[in-house]
Amino acid sequence: MEIPTKYNPKETEEKWYRFWEENRFFHAEVNPQKKPYSIVIPPPNVTGILHMGHALNSAIQDIYIRFNRMRGKEALWIPGTDHAGIATQNVVEKMLMRKGIKRHDLGREKFLVEVWKWKEEYGSTIIKQLKKLGSSCDWERTRFTMDSVFSDAVSEVFIELYKKNLIYRGNYIINWCPRCQTALSDEEAHHRQTEGMLYFIKYPIVSTCGDRSHHAHPQKLRDLSPPNDHVVVATTRPETMLGDVAICVNPKDKRYKHLKGKKILLPIAEREIDIIFDSKVDPKFGTGVLKVTPAHDPLDFELGLRYSLKPLNVMNEDATMNEAAGEYEGMDRFECRETLIQDLKDRKLFVKTEPHIHGVGHCYRCNTMIEPRLSKQWFVRMKPLAKKAGDVVRKGKIKFYPKRWTKVYLNWIDNIRDWCISRQIWWGHRIPVYYCKECQVTKGRKPACRTGRDERTRDDKKGVIVSKTKPEKCPECGSTDIEQDPDVLDTWFSSWLWPMATLGWPFKTKDEVPKGRRDERTRDEKDKAELSYFYPTNVLVTAQEIIFFWVARMIMAGLEFAKDIPFKDVYIHGTVRDDTGKKMSKSLGNIIDPLKIINEFGSDALRFSIVSITAQGQDIFLSPQKFEIGRNFANKLWNASRLVLLNLKEDLVKKDLCQMTQDPSLTLADRWILSRFYSCLSDFSKSLDSYKINDAANRIYDFLWHEFCDWYLEMAKLTIDEPHTQVTLYKVLEKSLRVLHPLMPFITEEIWQRLPREHGTKSIMITSWPHAQKEFINETIDREMQLLINIIQSVRNMRAAWRIDHKMKLDIIVCSGSKRVADTLNKNSSYVQKLAGVKKLEVSKISKKCAHSAVSVIEDIEIFLPLEGIIDIEKEKKRLTEKRDKLKECLVRAQGKLKNKSFVSKAPKNVVEKAKEYASLLQKELGSLQRNIDLL
RNA sequence: GGGCGAUUGGCUCAGUUGGUUAGAGCGUUGCGUUCACAUCGCAAAGGUCGUAGGUUCGAGUCCUACAUCGCCCACCA
């Protein structure tokens, strides 16, 4: 059988991927004969390019899909992308800007046409890249969150929530990104410790009792000196003081008792504002005086509601100051800050600044500093949804791996806050809400800010029509003056439906899908509804960053709409970092491009390497050098397979393995490697089942490299033409390839295709998982083989210690009183001879005194290597003495343990037995070592 | 302010419910290319498992405190 000397990953990868796709091996169908196994990909952002996080994520999922496909399940892996509203809009806007076109010049319709164009052209980049990894997704079902079928699901859900009173619209403080000019949810505002300044500003007190001396008149402000005349306010955002409507102190704060009944003259704006008392204010912070700016701060907003203070908005959507800011109108927020401080200084109202580190929200898309802003937005009432989502995890219906994420999840769920879902951008699912202008004008509406965030005002329902399509006329007043809400929904409002929507929700089976319903942009295939078969999916594999964004919300949506959990297991893998522990990011320039790695090392190498260093839930520190693990392993496997393939005789391998258990022609080595293989197989499956992927990877690596290659192949060379070796070689290699296939799909396919085939199976990826044949696992065999290995290693060790030429064949004498040892050695002397370079192997039942010999002692076995003239007796004595001393230490410890009565009485029997055995073994070993030292 | 994780040979990390002699890869040292493989083989050196207590017959593993690093959450203006 022919096989190239060198393995060529690139060629192999292309060839087999095409083959798999053409044969539709990735495709899964509803198949009542089989059990379903399904995964949905965490949809990458459509603007994204493949990074190591994706590579890790996809590698893991592909392993599980291939593993379960081979285990005979109908394995479905649905791929796709999400439309990433803000990110995509930003990308397209930037692209247009280069042509000198602004979004608003185009208008909404035309801009969206541009976005779709962009999507058609670049949107599948990440999909193509995922294929390079060997991902066996069912590409025929590729989904996009803006597909019309998906959009239907989104409006359906919106309307259902609205009907259930779980969606409301209101005026609240939200996170506003001035650059993207849209609201963001709390999760999208990434809080970072930021160095800022705390500005201390004097606020003059206005006396209400008419006392002239305390009446702060603008002209007299300069002369304010007694502290009774002013309070000092500390703030990090002085520009917002233009919107102050009160100051607030803690009622328990003795320092400010005198403020009762007084008012403050707000500097610059020259407005009289109230002084309120509330325990929310921390007396220890700053001066203990809080300026209250309800339109620009969440806490202040709350106080505003409580004390009926009317918010005053002083900023525009782009964070420049508006007309309410008077002379500062038009200035940027930071420019205004500086100017304002200067003006305060001029008026002697400025006290000082202090450096101050505090958490500041940043837009998770463009990193701009977030401005809390009062505006009217749509919210989802989360508490009712979260209740059920918490319960299914608490009851163990959904399990997190590693466990500790359960707590993180529950903590968020139990303290959930309402979700702001409207976005002031154009790219996304338009909110299915229409406003009747007539109703809104006639009924009038008050701002909703009189109530808390969880309350909806009745006024908000007036003139609001929630509908999938635009109604012809207002159902209440009949007016046709109807407009759709201009906003779109948060991208996650579609992503949270991913597992159910990709499977056809709201339809459970194909038959439920109404005729004529199809997605004009996609193939008919996608209209299949297979919810009842594939849902709930088996596992969600994802990164910790999106537990709140996505995982928690999918659970809520699944339970609420599909009436069942979306997945049973959640595997949270670590974050990919560089070798100094920093998160990989473009801006840091520490990215390792997976495509480059694939190019250099191969896809299998990438997959194997990354997976073998992913301890469950631990972050992964990568450097390009780490990928050598996989590359070297692939190389080793290739070469081992070459050895086998070059020697295999096709007619000799077609033997049923089951009959081989009893085959008398099998040697110790044959039986041993079979035993080791089945033990490996069992461990491998167990590890994968408990999401210990690195354990599985390392187990098969150790088996193939250190058991199969290092020992079995070397031994097999002796009898390579004999039928028993032929069969064993073939069986073990063929089965190992199958076990390894989920991890390294390409190279295993390439080798497997070159093996003589027993059945007509077309590809390794659709073969069945090796049957666990426990009867081959044999501890006695393992022990006997271990004995041979130990002896061989001892001889090699002595060889190295005495610098004996490799080519020189040695005579050795092995002494042991044990019949088992003698039998094993006599039967298998050829292995020792071959692997240790031994000419004559003498086995003796009694210890022989051998002069001028190097000596090794293993348990109760003595190995003599007569080396007259080569070894230096004194040096050998020294070598042995050192060994003896180490042994002695061990023995003292072991015996000490046995002398401990508590140990003997309290420890489990088997542990004591083992300890005794160990001690006596040490004693024997020490004895013969000592005897040999004396003899020398 | 809460919560979580990490701390093991020069480096990067494994180590299941406590149980003999703590593993691996890379690196280091010595030896070795006759036909599977130098992306290799053989052999070796290197660790009082962050610190201090505690529980236990027995602790890298469990408990408490501390230290260092990292992450997440929270309305400190």
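Chain letters run A, B, ... following the sequence lines, proteins first, then strands; residues in each count from 1. Below, each value reflects all heavy atoms present in this structure, side chains not excepted, and no hydrogens, waters or symmetry copies. Here the structure is a predicted model, which means the values were calculated and not measured.
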Original post:
Which one is paired to B:G5, where only Watson-Crick or G-U wobble pairs with both distances under 3.5 angstrom count?
Top reply: B:C69
**OP:** Return no unless some side-chain N or O of A:Gln793 is found under 4.0 Å from OP1 or OP2 of B:A43.
**Re:** yes
Original post:
Does a nitrogen or oxygen in the side chain of A:Lys626 sit under 4.0 Å from OP1 or OP2 of B:G25?
Top reply: no
**OP:** Using the C1' atom on both, measure B:C4 against B:C42 and round to a whole Å.
**Re:** 46 Å
Original post:
Watson-Crick or G-U wobble partner for B:G27, using a 3.5 Å limit on both distances?
Top reply: none
Original post:
B:G25 phosphate, OP1 or OP2: any side-chain N/O from A:His706 under 4.0 angstrom?
Top reply: yes
Original post:
Looking across every strand, which nucleic acid part, if any, lies under 4.0 Å from A:Gln625 by heavy atom: base, sugar-phosphate, or nothing?
Top reply: sugar-phosphate
**OP:** May I ask you to say what A:Val281 touches in the nucleic acid, namely base, sugar-phosphate or nothing, with a heavy-atom cut-off under 4.0 Å?
**Re:** base
Subject >> A:Gln544, nearest nucleotide to its side chain (from B:C75, B:A45, B:C71) >> reply: B:C71
Subject >> Same-atom distance (P) from B:A67 to B:G23, integer angstrom >> reply: 34 Å
Original post:
Which part of the nucleic acid does A:Leu290 contact within heavy-atom distance under 4.0 Å: base, sugar-phosphate only, or nothing?
Top reply: base
**OP:** Using the C1' atom as the reference point in each nucleotide, state the distance between B:U33 and B:C71 in Å, no decimals.
**Re:** 50 Å
**OP:** Provide the distance between the two C1' atoms, one in B:G19 and one in B:A59, to the nearest whole Å.
**Re:** 10 Å
**OP:** Between B:U29 and B:G10, how far apart are the P atoms? Round to whole Å, please.
**Re:** 16 Å
Original post:
According to the Watson-Crick and G-U wobble definitions, with both distances under 3.5 Å, which nucleotide is paired to B:U56?
Top reply: none
Original post:
Is A:Arg631 touching bases, backbone alone, or none of the nucleic acid, heavy atoms closer than 4.0 Å?
Top reply: base
Subject >> Side-chain N or O of A:Trp711 closer than 4.0 Å to phosphate OP1/OP2 of B:G41 >> reply: no
**OP:** Decide, yes or no, whether a salt bridge links A:Arg337 with A:Glu239 under the criterion of side-chain N to carboxylate O below 4.0 Å.
**Re:** yes
Original post:
Are OP1 or OP2 of B:C4 and a side-chain N or O of A:Arg404 less than 4.0 angstrom apart?
Top reply: no
**OP:** Give A:Pro372 one of three labels, base, sugar-phosphate or nothing, depending on what nucleic acid heavy atoms sit under 4.0 Å from its own.
**Re:** nothing
Original post:
How long is the line joining CD1 of A:Ile629 and P of B:G27, in whole Å?
Top reply: 11 Å
Original post:
Touch check for A:His356, heavy atoms < 4.0 angstrom, all strands: base, sugar-phosphate only, or nothing?
Top reply: sugar-phosphate
Original post:
B:C37 C1' sits how many Å from A:Ile751 CD1, rounded?
Top reply: 12 Å
**OP:** Taking only Lys NZ, Arg NE, NH1 and NH2, and the carboxylate oxygens of Asp or Glu, determine whether A:Glu714 and A:Lys717 approach each other closer than 4.0 Å.
**Re:** yes
Subject >> Whole-Å P distance, B:G60 and B:G53 >> reply: 15 Å
Original post:
Hey, does A:Arg799 reach any base, or is it just sugar-phosphate, or nothing, if we go heavy atoms under 4.0 Å?
Top reply: nothing
**OP:** Have a look at A:Lys899 and say if it touches a base, only the backbone sugar-phosphate, or nothing, with a 4.0 Å heavy-atom cut-off.
**Re:** nothing
Original post:
NA contact type, A:Lys692, heavy-atom cut-off 4.0 Å: base, sugar-phosphate, or nothing?
Top reply: nothing
Subject >> Candidate list A:Val292, A:Val245, A:Val281, test side-chain contact (heavy atoms from CB on, under 4.5 Å), partner A:Ile276, passing option >> reply: A:Val292
Subject >> Pairing partner (Watson-Crick or G-U wobble, both distances under 3.5 angstrom) of B:U21 >> reply: none
Subject >> Check against salt bridge (Lys or Arg N to Asp or Glu O under 4.0 Å), A:Asp253 and A:Arg255 >> reply: CA-CA 5 Å; A:Asp253 196 334; A:Arg255 292 173 294 176; 2.9 Å; yes
Subject >> Whole angstrom value for the distance that separates P of B:C72 from CZ of A:Phe549 >> reply: 12 Å
Original post:
Going through the checks in order, is the salt bridge (Lys or Arg N to Asp or Glu O under 4.0 Å) test met by A:Lys924 and A:Glu859?
Top reply: CA-CA 7 Å; A:Lys924 275 187 203 166; A:Glu859 303 182 0; over 6 Å; no
**OP:** Kindly say if A:Lys897 contacts the phosphate of B:G19, meaning a side-chain N or O under 4.0 Å from OP1 or OP2.
**Re:** no
Subject >> Base partner of B:U48, which must satisfy Watson-Crick or wobble distances under 3.5 Å >> reply: none
Subject >> Listed nucleotide nearest any side-chain atom of A:Phe621, set B:C13, B:U20, B:G19 >> reply: B:C13
Original post:
Hey, is the side chain of A:His191 poking within less than 4.0 Å of OP1 or OP2 on B:C73, counting only N and O atoms?
Top reply: no
**OP:** Could you let me know what B:U16 is paired to, Watson-Crick or G-U wobble, both distances under 3.5 Å, or none if it's on its own?
**Re:** none
Subject >> Separation of atom CZ in A:Phe285 from atom C1' in B:C76, rounded to whole Å >> reply: 5 Å
Original post:
Is A:Lys352 salt-bridged to A:Glu354, going by a charged N under 4.0 Å from an acidic O?
Top reply: yes
Original post:
Looking at A:Glu876 and A:Arg879, does any basic side-chain N land under 4.0 Å from a carboxylate oxygen?
Top reply: yes
Original post:
Hey, does the side chain of A:Asn635 come within less than 4.0 Å of B:C40's phosphate (OP1/OP2), counting only N and O?
Top reply: no
**OP:** Describe the nucleic acid contact of A:Cys248 in one word from base, sugar-phosphate, nothing, applying a heavy-atom distance below 4.0 Å.
**Re:** nothing
Original post:
If the C1' atom of B:U68 is compared with that of B:U51, how far apart are they to the nearest Å?
Top reply: 11 Å
Original post:
When we call it a touch if two heavy atoms are under 4.0 Å apart, what does A:Lys280 touch: a base, just sugar-phosphate, or nothing?
Top reply: base
**OP:** For A:Trp802, answer base if it contacts any base atom (sugar-phosphate contacts may also be present), sugar-phosphate if it contacts only those atoms, and nothing otherwise; contact means non-hydrogen atoms under 4.0 Å.
**Re:** nothing
Subject >> Atom pair distance, as rounded to whole Å: CG in A:Asn797 and P in B:C31 >> reply: 16 Å
Original post:
Out of curiosity, A:His573 NE2 to A:Thr614 OG1, how far, rounded to the nearest 0.5 Å?
Top reply: 8.5 Å
Original post:
Is A:Glu925 touching bases, backbone alone, or none of the nucleic acid, heavy atoms closer than 4.0 Å?
Top reply: nothing
Original post:
What is the distance, rounded to the nearest whole Å, between atom CD of A:Glu188 and atom P of B:C73?
Top reply: 13 Å
Subject >> Note: A:Lys909-A:Glu913 ion pair, threshold 4.0 Å (strictly below) >> reply: no
Subject >> Interatomic distance where CE belongs to A:Met798 and P belongs to B:C42 [whole Å] >> reply: 18 Å
Subject >> Whole-angstrom distance between B:U7 and B:U34, as gauged at atom P >> reply: 46 Å
Subject >> Contact under 4.0 Å: A:Arg417 side-chain N or O vs B:C75 OP1/OP2 >> reply: yes
Original post:
When the distance from CG of A:Asp253 to C1' of B:A77 is rounded to whole Å, what number comes out?
Top reply: 14 Å
Original post:
Under 4.0 angstrom, heavy atoms only, what part of the nucleic acid is A:Asp710 near: base, sugar-phosphate, or nothing?
Top reply: sugar-phosphate
Subject >> Partner nucleotide, any strand, of B:U33 [Watson-Crick/G-U, under 3.5 Å] >> reply: none
Original post:
Where do A:Ala697 and A:Phe608 come nearest, in terms of heavy atoms and distance?
Top reply: O-CZ, 3.5 Å
